[in-house]
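Fair warning: this is a prediction, and the values are worked out from it, not measured in the lab.
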Amino acid sequence: MLFDYEVLKLIWWALVGILLVGFAIMGGQDMGICSLLPFVGKDDTERRVIINTIGAHWEGNQVWFITAGGAIFAAFPLIYATAFSGFYWALMAALWAMFFKPVGFKYRSMIKNDAWRNAWDWLLFVGSVVPAVIFGVAFGNLLLGVPFGFDEYLVSRYTGSFWELLSPFALLCGLVSFCMIAVQGGTFLAHRTLDDIQHRAIKLSQLFAVLFVALFVLAGFWIVNLDGYRLLTALDGNAILTPLDKQVMLAKGAWLDNYHATPLLWILPVLGVTGAILTMILLQYRQTLLAFLASSLAILGTVTTAGVAMFPFMMPSSSHPNMSLTLYDSVSSHLTLMIMLFVVVFLLPMVVTYTSWGYAVMRGKVTKAYIQENEKSLY
């Protein structure tokens, strides 16, 4: 075979991470802009300017979310099944909220009524803030551990409740996620607009960047004193394993083990912080495109910081630590991973190519004059 089983497992762990980062960067700009919509836009025309900065791109950006979900379903089926069992209501709440975005874009401007349009603006806000917070809360719960276990038939049993997911640390991670997304959306909005809208977008982006840095650093210090998970069993990456084949212990600060073993990895949290600080500085000098790139680097650093800290765990169990799911024992067969890899090698460059082409063709500023001249054809 082209790759052995262990290498394929590692490749798919990395690919899922890439897809999640891609969604946070591309889908994050949509959610971030809609989160700022009621505050940056002061009248209907300004809000239409804001919406149309992403009007041509938001549907394509959702491909990253769909692909990430599909990749987890196919490559790590135990993760997918267990997560939807434990996080069912939280994930459903995120999906229900996300429905407001396509519906809001479709119906908002169909009726020329201030109350109607204002209501849809706030629904777009809800449909963006709620998923951003919930995704962060989900990551926080992964770091804390999720109360689940397996029977002898590998059927998962979730023993927690919805409200247990809303612990202080998980909510802190939710706020980190929201601030990160707000900065991403604000910098993209600043790049695509002019004058008052751009000025407000810059100010709010800088504010949320400050909040992001403070909350991200706070979460880091919290993790130092958090019980992390440590794998005690040497797993054979080329073997077919189940979650019942290992020993795991909880230890204070164990989530930093990988960073202590490979100090070069500290560049990832540093990238998260410096990316946000650089975003603030670049926005101050109106270097909006570079600020957007810096914000994207901050997202890359933030998401990978959590992923590397948890490696090789993907979904730790707080109630049955030995049944925690890792990339080695929650994965599909060698053949499935190999076939999927060929598909991704073909499709991922295609997604990147048409996305890049779309942004290149439809680049430029969206102005009030442009909206007024195209009253009937734009959102």
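- Nearest heavy atom pair, residue Met310 against residue Pro316, reads CE-CD, 3.7 Å.
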Query raised in the report: After noting the C-alpha distance and the side-chain angles of Phe311 and Trp13, does the key distance pass the ring pair (Phe, Tyr, Trp, His ring centres under 6.0 Å) rule?
Result: CA-CA 9 Å; Phe311 181 89; Trp13 174 81; 4.9 Å; yes
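- More than 12 heavy atoms of other residues, nucleotides or ligands lie within 6.0 Å of OH in Tyr354, so this atom counts as buried by the packing criterion.
- Remark: the backbone N or O of Leu78 is paired with a side-chain donor or acceptor of Thr82 at under 3.5 angstrom.
- Side-chain contact annotation: Thr233 with Gln247, donor-acceptor N/O pair under 3.5 Å absent.
- Across all their heavy atoms, Arg230 and Ala251 have their closest contact at NH1-CB, 3.7 Å.
- Under a hydrophobic-cluster definition in which Ile, Leu, Val, Met, Phe, Trp and Tyr are linked whenever side-chain heavy atoms come within less than 4.5 Å, directly or via other members, Ile66 and Leu91 are assigned to different clusters.
- Listed for the Gln184 side chain is a donor-acceptor partner under 3.5 Å among the backbone atoms of Ile25.
- Under a 3.5 Å cut-off, the side chain of Trp357 and the backbone N or O of Val352 do not form any donor-acceptor pair.
- Within the 4.5 Å cutoff, the side chain of Ser177 has no heavy atoms near those of the Phe139 side chain.
- Atom CZ of Phe73 has 12 or fewer heavy atoms from other residues, nucleotides or ligands within 6.0 Å.
- Using modelled atom types, one side-chain atom of Gln198 and one backbone atom of Thr193 make a donor-acceptor pair closer than 3.5 Å.
- Aromatic ring pairs are classed by plane angle as parallel below 30°, tilted from 30° to 60° and perpendicular above 60°; the pair Trp255 and Phe313 is perpendicular.
- Listed for the Thr304 side chain is a donor-acceptor partner under 3.5 Å among the backbone atoms of Gly301.
- Rounding to the nearest 0.5 angstrom, the gap separating the CG atom in Leu189 from the SG atom in Cys34 is 10.0 Å.
- Asp44 has a carboxylate O that lies under 4.0 Å from a charged side-chain N of Arg117, or vice versa, which qualifies the two as a salt bridge.
- Within 6.0 Å of OH in Tyr107 there are 12 or fewer heavy atoms belonging to other residues, nucleotides or ligands.
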**Report entry** Candidate pair Thr353 and Ser356, rule side-chain hydrogen bond (donor to acceptor under 3.5 Å, both in side chains), full reasoning
**Finding:** CA-CA 5 Å; Thr353 299; Ser356 302; over 6 Å; no
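- Of all heavy-atom pairs between Ala209 and Ala276, the closest is CB-O, 4.0 Å.
- Inter-residue side-chain proximity for Phe105 and Trp120 is flagged as unmet; no heavy-atom pair is nearer than 4.5 Å.
- With hydrophobic clusters built from ILVMFWY side chains whose heavy atoms lie under 4.5 angstrom apart, Leu36 does not share a cluster with Leu283.
- A heavy-atom distance below 4.5 Å is found between the side chains of Arg48 and Arg108.
- Inter-residue side-chain proximity for Thr326 and Lys246 is flagged as met; some heavy-atom pair is nearer than 4.5 Å.
- Note on Leu341 and Tyr328: same hydrophobic cluster, where clusters join Ile, Leu, Val, Met, Phe, Trp and Tyr whose side-chain heavy atoms are under 4.5 Å apart, directly or indirectly.
- Within 6.0 Å of atom CG in Leu250, more than 12 heavy atoms from other residues, nucleotides or ligands are found, so the atom counts as buried in its surroundings.
- Here the closest non-hydrogen pair linking Pro102 and Phe99 is CD-O, 3.3 Å.
- Leu264 CG: 12 or fewer foreign heavy atoms inside a 6.0 Å radius.
- Rounded to the nearest 0.5 Å, atoms OG (Ser295) and CG (Leu290) are 12.5 Å apart.
- Within the model, atoms CG of Leu15 and CD1 of Ile72 stand 12.0 Å from one another, a figure rounded to the nearest 0.5 Å.
- A pairwise comparison of heavy atoms in Pro243 and Leu325 identifies CG-CD2, 3.4 Å as the closest pair.
- Atom CG of Leu218 is separated from atom CZ of Phe169 by 9.0 Å, given to the nearest 0.5 angstrom.
- Annotation: side chain of Phe23 is not in contact with side chain of Asn61 (no heavy-atom distance under 4.5 Å).
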Requested in this report: Please step through ring pair (Phe, Tyr, Trp, His ring centres under 6.0 Å) for the pair Phe84 and Tyr80, ending with a clear verdict.
Outcome: CA-CA 6 Å; Phe84 267 89; Tyr80 188 91; 4.7 Å; yes
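- At a threshold of 4.5 Å between non-hydrogen side-chain atoms, the residues His199 and Arg286 count as touching.
- Donor-acceptor pairing under 3.5 Å is lacking for the side chains of Thr305 and Thr302.
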Report task. Run the numbers on Glu373 and Lys368 for salt bridge (charged side-chain N to carboxylate O under 4.0 Å, His left out), then give the verdict. Result -> CA-CA 9 Å; Glu373 291 169 6; Lys368 293 182 182 180; over 6 Å; no
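- Between the side chain of Lys9 and the backbone N or O of Gly237 there is at least one donor-acceptor pair closer than 3.5 Å.
- Under a cut-off of 6.0 angstrom, the local environment of CD1 in Ile240 is sparse, with at most 12 non-hydrogen atoms contributed by other residues, nucleotides or ligands.
- In terms of modelled atom types and a separation under 3.5 Å, the side chain of Ser324 and the main chain of Ser317 share a donor-acceptor contact.
- The shortest non-hydrogen separation linking Met315 to Ala83 is CE-CA, 3.6 Å.
- Between Glu59 and Lys101, none of the side-chain N atoms (NZ, or NE/NH1/NH2) sits under 4.0 Å from a carboxylate O, so this pair counts as no salt bridge.
- In this structure a side-chain-to-backbone donor-acceptor pair under 3.5 Å is present from Thr355 to Val351.
- For NZ of Lys365, the number of neighbouring non-hydrogen atoms (other residues, nucleotides, ligands) closer than 6.0 Å is greater than 12.
- Contact check for His57 versus Met26: no side-chain heavy atoms found under the 4.5 Å cut-off.
- The aromatic rings of His191 and Phe188 are tilted relative to each other, their planes meeting at an angle between 30° and 60°.
- With Gln372 as the fixed residue, the side chain to side chain contact (heavy atoms under 4.5 Å, CB included) test singles out one of Thr367, Thr45, Val49: Thr45.
- Judged purely by atom type and a 3.5 angstrom limit, Gln206 uses its side chain to pair as donor or acceptor with the backbone of Met280.
- Atom CG of Leu293 sits about 9.0 Å away from atom OG1 of Thr187, to the nearest 0.5 Å.
- Using a 4.5 Å cut-off between side-chain heavy atoms of Ile, Leu, Val, Met, Phe, Trp and Tyr, with links allowed through other members, Val217 and Phe178 fall into the same hydrophobic cluster.
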Query raised in the report: What do the steps show when you test Val129 against Phe125 for side-chain contact (heavy atoms from CB on, under 4.5 Å), and what is the final call?
Result: CA-CA 6 Å; Val129 172; Phe125 168 82; 3.5 Å; yes
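- Listed for the Asp329 side chain is no donor-acceptor partner under 3.5 Å among the backbone atoms of Leu241.
- Using a 4.5 Å cut-off between side-chain heavy atoms of Ile, Leu, Val, Met, Phe, Trp and Tyr, with links allowed through other members, Ile11 and Phe342 fall into the same hydrophobic cluster.
- Atom-to-atom distance recorded for Leu278:CG and Leu271:CG is 10.0 Å, nearest 0.5 angstrom.
- Of the N and O atoms on the side chains of Asn118 and Arg47, at least one donor lies less than 3.5 Å from an acceptor on the other residue.
- Between Phe216 and Phe212, the angle of the ring planes stays under 30°, which puts this pair in the parallel group of the 30/60° scheme.
- Counting heavy-atom neighbours within 6.0 Å of Phe39 CZ, excluding the residue itself, gives a total above 12.
- Between Pro38 and Trp122, some side-chain heavy-atom pair lies under the 4.5 Å cut-off.
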